[in-house]
2 protein chains.
Amino acid sequence: MKIAIAGYGNIGKGVEAAVTQAPDMEIAGVFTRRDPASLKTVTGATVYGYDQLADMKDDIDVVIICAGSATDLPWMTPELAASFNVIDSFDNHAKIPEHYANVDKAAKAAGKVGIISCGWDPGYFSLARIYAEAALPNGDSYTFWGRGVSQGHSDAIRRIEGVADARQYTVPVEAALDRVRAGEHPEFTAREMHLRDCYVVAEEGADKAAIEEAIKTMPNYFEPYDTTVTFVSQEELDKNHSGLPHGGSVLRSGRTGFDMEFNNTIEYTLNLDSNPFFTASILAAAARAAYRMNKEGQSGAKTLFDVPPAYLSTQSSEELLAHML
Amino acid sequence: MKIAIAGYGNIGKGVEAAVTQAPDMEIAGVFTRRDPASLKTVTGATVYGYDQLADMKDDIDVVIICAGSATDLPWMTPELAASFNVIDSFDNHAKIPEHYANVDKAAKAAGKVGIISCGWDPGYFSLARIYAEAALPNGDSYTFWGRGVSQGHSDAIRRIEGVADARQYTVPVEAALDRVRAGEHPEFTAREMHLRDCYVVAEEGADKAAIEEAIKTMPNYFEPYDTTVTFVSQEELDKNHSGLPHGGSVLRSGRTGFDMEFNNTIEYTLNLDSNPFFTASILAAAARAAYRMNKEGQSGAKTLFDVPPAYLSTQSSEELLAHML
């Protein structure tokens, strides 16, 4: 499979690593809207301009689109689905139906497959939810995120006057997890499920008390949560908080039995040193599935809900039956 | 969907409960090789003789086969796949390829779908393994079972002279789980992963020391493990150990990054008050998928690896996109 990478941020680099390591894939090129001469890839993969994608249709089996959900993917995924099998990690939950419809229209017209929202949430966490609910229709599902870096919350702190830099960790409340594990079916407030732990570099002479107050009272982002603020130096932030770890847990607590007498819990937990590199690994596996589904004659928008899991694997049907089932 | 239940043990009863509770299913009948007049179903579902299945082809969409893997499913699933869409929970891992081939031949010839091995291991644990390996191809997978009742090990104890009754719990070693969670990649012995905890009722006058020795030295079943034996009265066993709880964890520890610099763990855990009723819930969801795949024109043997997860769900594509992704 010849894989094009459109966009070369953290996720694009992660896809470069994953595709390079996959036995059945090679990189057809990295495509960027920046000046291609300004980019050097880690593996030496060739960099092209985004506009050159159109000339390379015969050399590309799948384009993995590694661009932002807010402003890029809404137009880029449909545009590329008109010519290629495509994969994205669109993660704006509220706009998924609209994005799906746009990709579906373009991909169906082109006879291509576009699998959207292939990360871990949406993505693998969504799979954990759908399987758990299918097995335990009588129950409640809970999603906890973290401990991990939220880029959106870190950015929100950086916009406060007097803040030079910041990193925010979303932290699940362990007591809440334990209640669900114990078979309770609580209705949690936001505050009961997650904490927000902030590391902030103040500009010289800035009013730290005012910064802390501005963070803790910020509507939607921090006000609904218990928030801790720790001021650190830029060196400390760079040394101890430069990674992008993340993870979380999907839990379902549900009952079976004629009288709902049996309690059951399902828990799916991720602990990731690198959020973007894990997302990229899923994107690469989804590219394998898109290629296979399109070879079979399928077209249109898909999500991981539509993908038979065997299509994500490098193993043959025989190997899967003998060793994985 | 009209669902027939073939076999009425614990799993058959679990399917009866799950199908009765599903909004899109009804029970076409319970089919037994015993005298139908001797059986009374919990919900009042009609009981027929196994041989009457053949006369009811037009009244049945899917047959869920709730019989034993050792001697029944190897012939029964292929036999019924020659006339019906079928589901089973065949769990003899070593013989899955052979069983698959037999079901495939019969189901393909009949234009029907047969989904085999739809429990939690094989089944949902297999799904946890395949998704985890697809996302983290560089890593190691571990499956821990328990704390839960192993019927095979309980039966092995009951065959010892002087034993009136017994119940054996398989227990994962928490320290081993913690090593995998911490990102280690250990090669465990059997003893390092699981303990065996036995509750035994001795016959009057039996030599308890000899029974304990016979259990602890039993090859394959107990000798490779640290085993504890507790003698209890029949009343105690019935009161405290009559349930069939089970569960366990699938873990994968794997690395991403250009130099494998990022560690990641995925953990999937089940805690089940009733092993057979949870298995039955998965069987019912798989019946939904078999019905849909067959309606689309698919035929032959399948496993959950071949089933798009959306097919297991009662929710529409629109609902799944809007609420589950």
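Residue numbering restarts at 1 for every chain, and letters A, B, ... go by the order of the sequence lines.
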Legend entry - A:E261 versus chain B, the contacting section by heavy-atom distance below 4.5 Å: backbone

Inset, instruction - Measure B:L251 against the heavy atoms of chain A and call it side chain, backbone, both or neither at under 4.5 Å. - result: neither

Inset, instruction - Heavy-atom distances under 4.5 Å only: say whether A:I96 touches chain B with side chain, backbone, both or neither. - result: side chain

Legend entry - Proximity breakdown for A:S117 and chain B, heavy-atom pairs closer than 4.5 Å: side chain

Inset, instruction - Let me know if B:T265 has heavy atoms under 4.5 Å from chain A in its side chain, its backbone, both or neither. - result: both

Legend entry - Most contacts with chain A, counted as non-hydrogen pairs under 4.5 angstrom, among B:T279, B:N271, B:T20: B:N271

Inset, instruction - Show your working on side chain to side chain donor-acceptor pair (under 3.5 Å) between B:H99 and B:N92 and close with a plain yes or no. - result: CA-CA 9 Å; B:H99 185 58; B:N92 186 339; over 6 Å; no

Legend entry - Least distance between heavy atoms, B:D24 atom then B:R288 atom: OD2-NE, 2.7 Å

Legend entry - Toward chain B, the part of A:K13 with a non-hydrogen atom under 4.5 Å: both

Legend entry - Spacing of CZ belonging to B:R292 relative to OH belonging to B:Y311, to within rounding of 0.5 Å: 8.5 Å

Legend entry - Ion pair B:D140/B:R252, N-O distance below 4.0 Å: no

Inset, instruction - For the pair B:R181 and B:E267, find out whether any cationic side-chain nitrogen is under 4.0 Å from an anionic carboxylate oxygen. - result: yes

Inset, instruction - Would you check if B:I3 and B:E26 make a side-chain contact, meaning some heavy-atom pair closer than 4.5 Å? - result: no

Inset, instruction - Look up atom CG in A:L325 and atom CD1 in B:I116, then write down how far apart they are to the nearest 0.5 Å. - result: 6.5 Å

Inset, instruction - Examine distances only and state if a side-chain atom of A:D104 and a backbone atom of A:A301 form a donor-acceptor pair shorter than 3.5 Å. - result: yes

Inset, instruction - Identify which of A:P137, A:S313, A:G257 forms the greatest number of heavy-atom pairs closer than 4.5 Å to chain B. - result: A:G257

Inset, instruction - Identify which of A:S274, A:G247, A:A285, A:S281 forms the greatest number of heavy-atom pairs closer than 4.5 Å to chain B. - result: A:S274

Inset, instruction - With a 4.5 Å cut-off on heavy-atom pairs, point out which of B:A128, B:P122, B:G183 contacts chain A the most. - result: B:P122

Legend entry - Residue pair B:A310 / A:D306: nearest heavy atoms and the distance that separates them: CB-OD1, 4.3 Å

Legend entry - Largest heavy-atom contact set with chain A, pairs under 4.5 Å, which of B:L304, B:L283, B:L270, B:N263: B:N263

Inset, instruction - Please determine, among B:A17, B:S126, B:P309, the option with the most heavy-atom pairs under 4.5 Å with chain A. - result: B:P309

Legend entry - Test item: A:N264 side-chain N/O and A:G254 main-chain N/O as donor-acceptor pair under 3.5 Å: yes

Inset, instruction - Pick one of side chain, backbone, both or neither for A:M260, based on which atoms fall under 4.5 Å of a heavy atom in chain B. - result: side chain

Legend entry - Contact class of A:N138 relative to chain B, heavy atoms under 4.5 angstrom: side chain

Inset, instruction - Can you tell which part of B:Y131 gets under 4.5 Å to a heavy atom of chain A, answering side chain, backbone, both or neither? - result: both

Legend entry - Interface residue of largest heavy-atom contact number with chain A, from B:D259, B:I282, B:T303, B:D91, under 4.5 Å: B:T303

Inset, instruction - Tell me, out of A:T314, A:L312, A:L272, A:T256, who's got the most heavy-atom pairs with chain B below 4.5 Å. - result: A:L272

Legend entry - Closest-packed option against chain A by number of heavy-atom pairs under 4.5 Å, given B:Y124, B:Y100, B:F278: B:Y124

Legend entry - Validation row: A:S249, A:L177 side chains within 4.5 angstrom (heavy atoms): yes

Inset, instruction - Identify which part of B:F125 has an atom lying under 4.5 Å from any heavy atom of chain A, answering side chain, backbone, both or neither. - result: neither

Inset, instruction - Could you look at A:F277 and say if it's the side chain, the backbone, both or neither that has a heavy atom under 4.5 Å from chain B? - result: both

Legend entry - Lys/Arg N to Asp/Glu carboxylate O, B:R129 vs B:D121, below 4.0 Å: yes

